[in-house]
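Below is one structure, written out as structure tokens; the observations come after it.
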Amino acid sequence: MTLLDSVFIRSQFPAFKEPSLKGWAFFENAGGSYTCRQVIDLLNTYYTRTKVQPYYNYPASRQAGAAMDNAYTRLAAWLNVDESEVQFGPSTTQNLYVLAHAFREMWDKGDEIIVSAQDHESNAGFWRRLENTGITVREWGVDPETGMLDPADLDDLLSPRTRLLAFPHCSNVVGHVNPVSDIVKKAKAVTDVCVVVDGVAYAPHGLPDIGSLGADIYLFSLYKTWGPHLGLMTIKKPIMDALPNQGHFFNAFLDRKKMMPAGPDHAQIAAVAGVAEYLDDVYDHHFSEPADPAEKGRQLKQLFQNHETALLKILMDWLKQRTDIRIIGPDDPALRAPTVSIVPKNRSIDAVFAVLTDKKLMTGQGHFYGVRPLLGMNIPIETGALRLSFLHYTTSDEIRQLIDGLAAALG
Ligand SMILES: Cc1ncc(COP(=O)(O)O)c(C=O)c1O
């Protein structure tokens, strides 16, 4: 089995060489990851050499447009979708806001949608708000103990009038990885429903093979997936064709503009190609067989997840033997992403967080906009949870630093 070369991986992230961050272990990756050097280099190149209006016929402008086109092409290949299905928007929240408005124009009063109670508000609020306009909103609730979604519950929620089903690939507070393909199959067996999957908390652990998952719309945020501050969404072509234009009227026929009333930053789009370059570099460092990007993606996901799961096991084994904390989500590392939320029973989260910060641990506290899943588990959102999230660039030394910090903070 090929093991991840952490020294190589960390050499690709300038943050690990940054003197002001020395000694600090980063455990709030679910909020936003460090950025790989390939992305930073492309951003720098774009802003330095081609910061002109793209797609005119002079050299700097041609290069700017080509750099943007390259990002669509490269990411589509890694995600195993057609290039025409890739959309770059300012953020996942913005992308979902636009989608909700577009879909509403296609539906009739009394049409139904199913939204999960496990979602970040981004894939929840805009859909739920459609209730005010006559759409029937059905909630797919979470287990109050584990925070998990049970696909069997969909049996009572799906109907011939269900137009859309929205749920997360992985919740940013619960951490459980939902079986997307199975859920898609189950829903589509009942009716011709559009399945919208929020992959924001999943994609940073290895780019998803969206083509094989079967979701009609899949979204994730590149600033959490080692890249620039953009939201990527894929929309299957027939759905894209059916959706009403949300941009300027004269751009209605342009797939890249139809769902993007707020045009995203050109330089950042160009820089997204750096995510693909990073993955290529990681692949070439670890494997010698040539492969297409989708196959490389599957191998790298396995490589990243083997590393992350081994570290997660160390953390979970330690957390599980503590009786003074509540672990949110499954405690089996095989079932979850390394985004672990805990609620201390005897100490305030503020106090624990302060000790962790003293120990140079960058963690997260609060509700993380995962308000509905927390409420579904009867966890007060005023205090929320402490979130410990890491990625493939995290090392066992950092996990040790975290465990030592938690031991000191919890007493
Ligand atoms: C699971 C999940 N979905 C959606 C979002 C929203 O993403 P964005 O900040 O790109 O709008 C976040 C952000 O934290 C998230 O964690």
Side-chain angles (χ1 to χ4, degrees), residues 26-35 39 75 86-101 115-128 140 142 147-149 166-178 180 195-208 210 213 215 217-234 259-262 264-265 268-269 271-272 275 328-329 336-341 362-377 381 384-391:
F26 185 32
F27 283 99
E28 184 28 12
N29 288 278
S33 70
Y34 283 161
T35 311
V39 166
L75 264 288
V86 174
Q87 302 279 322
F88 293 116
S91 70
T92 294
T93 306
Q94 173 77 23
N95 288 344
L96 280 158
Y97 180 86
V98 176
L99 279 178
H101 280 73
V115 291
S116 95
Q118 202 190 53
D119 271 285
H120 179 284
E121 197 56 16
S122 172
N123 196 26
F126 307 128
W127 300 124
R128 288 171 186 253
W140 182 11
V142 294
M148 285 159 73
L149 290 170
F167 66 94
H169 198 159
C170 172
S171 145
N172 64 326
V173 290
V174 180
H176 178 232
V177 177
N178 289 309
V180 174
V195 180
V196 179
V197 176
D198 174 349
V200 174
Y202 180 87
H205 306 288
L207 291 188
I210 298 176
L213 283 173
I217 299 182
Y218 191 100
L219 307 102
F220 66 93
S221 301
L222 286 151
Y223 70 95
K224 301 184 198 267
T225 308
W226 338 301
H229 203 118
L230 287 181
L232 186 157
M233 78 175 152
T234 62
M259 288 296 127
M260 293 297 154
D265 180 327
Q268 293 195 55
I269 293 181
V272 171
V275 171
I328 298 178
R336 60 176 304 146
T339 297
V340 185
S341 305
M362 296 187 272
T363 61
Q365 72 171 130
H367 58 59
F368 315 105
Y369 290 20
V371 168
R372 295 176 201 267
L374 288 177
L375 290 177
M377 289 180 284
I381 56 167
L386 181 75
R387 187 171 68 179
L388 316 164
S389 55
F390 61 89
L391 294 182

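For this chain, numbers begin at 1 and follow the sequence in order. In each ligand, atom 1 is the first atom listed, and ligand 1 is the first ligand listed.
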Heavy-atom pair of closest approach, residues F167 and V180: CE1-CG2, 4.1 Å

Ligand 1: protein residues within heavy-atom distance under 4.0 Å: S91, T92, T93, H120, S122, N172, D198, V200, S221, Y223, K224

Which atom of L149 lies closest to which atom of P168, heavy atoms considered: CD1-CD, 4.2 Å

Partner residues of R128 under the salt bridge (Lys or Arg N to Asp or Glu O under 4.0 Å) criterion, sequence neighbours left out: E139

Y34 and F26 aromatic ring geometry - parallel, tilted or perpendicular at 30°/60° bounds: parallel

Contacts table for residues 217-224: side-chain donor-acceptor under 3.5 angstrom, sequence neighbours left out:
unit_1: Y218; atom_1: OH; unit_2: H169; atom_2: ND1; d: 2.8
unit_1: S221; atom_1: OG; unit_2: T92; atom_2: OG1; d: 2.7
unit_1: K224; atom_1: NZ; unit_2: A30; atom_2: O; d: 2.9
unit_1: K224; atom_1: NZ; unit_2: G31; atom_2: O; d: 3.1

By side-chain hydrogen bond (donor to acceptor under 3.5 Å, both in side chains) - contacts of S91 (at least two apart): none

